[in-house]
Amino acid sequence: MPMIHPSALVSPDARLAQNVRVGPFAVIEAGAEIGEGCVIEPHAVIKGCVRMGAHNTIGSGAVVGGDPQDLRFRTETPSHVILGDRNQIREHVTLHRATRSGEATVVGNDCLLMVGAHLGHDTRLGDRVILANGVMCGGFVEIGDGAFLGGGAGVHQGVRLGRLVIAQGHSSLSKHVPPFCMVAHLNQVVGLNVIGLRRSGLEGPRRSEIQRAFALLYRKGLNVSQALETARQSSWGPDAAAFWEFVSTAGKRGLCGWSGRATRAEAGNDREAGEAS
């Protein structure tokens with residue numbers, strides 16, 4: 001049976017699975033679905049549009065399922081927020097539901113959204129994504145598996161960040177970021193996420209191939225079209241192929257550009273990747 005504090009307001013039309021714990025003054029609206037073992041901390045608000053898997057924690061003061069901040073949105077639109085399993089949604093995080101009928105804002109599995117992070121409408125996170133304190137994601141943002149965004153980073157609506165991207169705190173991103181890249185400042189790629197690649201368990205040859213693809217795109221003096229044409233002349237494994245697929249679908253928004261500065265730390269990362277091969 002769910003364990004609900006007497007001061008919490010839980011609609012009889014909400015569906016709570018076994019072993020759900022609801023703290024003081026939390027609000028769970030009619031229609032919400034909360035999976036087994038979830039913890040809803042004091043003063044959190046779970047709107048009726050939320051579909052939540054198992055073993056999620058929703059921190060104090062968080063609001064999950066609020067209406068989009070879109071002047072064209074109509075509150076009667078049937079849309080959702082969907083959370084997978086084992087996510088940690090910390091204090092005062094806000095997750096807004098989708099703008100379009102039948103669509104959803106989605107958080108995968110094993111994600112950590114730290115204090116005050118915001119996901120705008122129709123945003124989609126993969127698995128194991130970490131958003132540090134105060135990260136702001138506009139509507140229709142997509143963030144791939146294993147990405148990490150430092151505190152205060154801002155992502156413009158419609159921007160995609162690939163798998164294992166790492167963004168420096170207070171980065172501002174209004175262009176797409178290819179998988180495995182490190183970004184900083186305003187739309188600047190500053191290197192390859194070598195440490196993240198190694199920690200992800202990719203073997204040395206796979207990491208080296210990703211490094212080769214990264215160098216072709218960013219460090220050979222080619223524009224994107226030239227890099228893609230050159231890449232088509234070689235065969236690539238699945239990781240680098242996914243990198244080029246992302247690049248080829250950047251569209252008019254385009255990609256974050258190379259910073260043009262080879263720092264000592266980056267050179268060390270490159271040597272490390274070469275030694276790993």
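All figures in this text were calculated on a predicted structure; none of them were measured in a lab. One is the number of the first residue; the rest follow in order along the sequence.
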### Query
Distance only, no hydrogens: is a donor on one side chain within 3.5 Å (strictly under) of an acceptor on the other, for H43 and S60?
no
### Query
With distance as the sole criterion, is a donor-acceptor pair present between the side chains of S200 and R163 under 3.5 Å?
no
### Task
Mind checking the CG-CD1 spacing from L119 to I143? Nearest 0.5 Å is all I need.
7.0 Å
### Query
Would you say I46 and M52 make side-chain contact, with heavy atoms under 4.5 Å?
yes
### Query
Which of these, F214, W244, Y218, sits in a side-chain contact (heavy atoms from CB on, under 4.5 Å) with P178?
Y218
### Query
Does N19 reach the main-chain N or O of E36 with its side chain, forming a donor-acceptor pair under 3.5 Å?
no
Set of side-chain hydrogen bond (donor to acceptor under 3.5 Å, both in side chains) partners for [X], sequence neighbours left out:
X: S11; value: none
X: E29; value: K47
X: S101; value: none

### Task
Show the numbers, then the answer: is there a side chain to side chain contact (heavy atoms under 4.5 Å, CB included) between L173 and C256?
CA-CA 8 Å; L173 304 174; C256 288; 4.2 Å; yes
### Task
For A240, enumerate each residue passing the side-chain contact (heavy atoms from CB on, under 4.5 Å) test, keeping only those at least two apart in sequence or located in another chain.
E209, A213, W236
### Query
Who pairs with R15 by side-chain contact (heavy atoms from CB on, under 4.5 Å), at least two apart in sequence or on another chain?
E33
Report all side-chain donor-acceptor pairs from residues 120-127 shorter than 3.5 Å, counting only partners two or more places apart or in another chain.
from	atom 1	to	atom 2	distance (Å)
D122	OD2	T99	N	3.0
D122	OD2	T99	OG1	2.9
T123	OG1	G120	O	3.0
T123	OG1	G138	O	2.9
D127	OD1	N109	N	2.8

### Query
Please walk me through it: do R128 and D110 pass salt bridge (Lys or Arg N to Asp or Glu O under 4.0 Å)?
CA-CA 5 Å; R128 303 176 306 282; D110 302 297; 5.7 Å; no
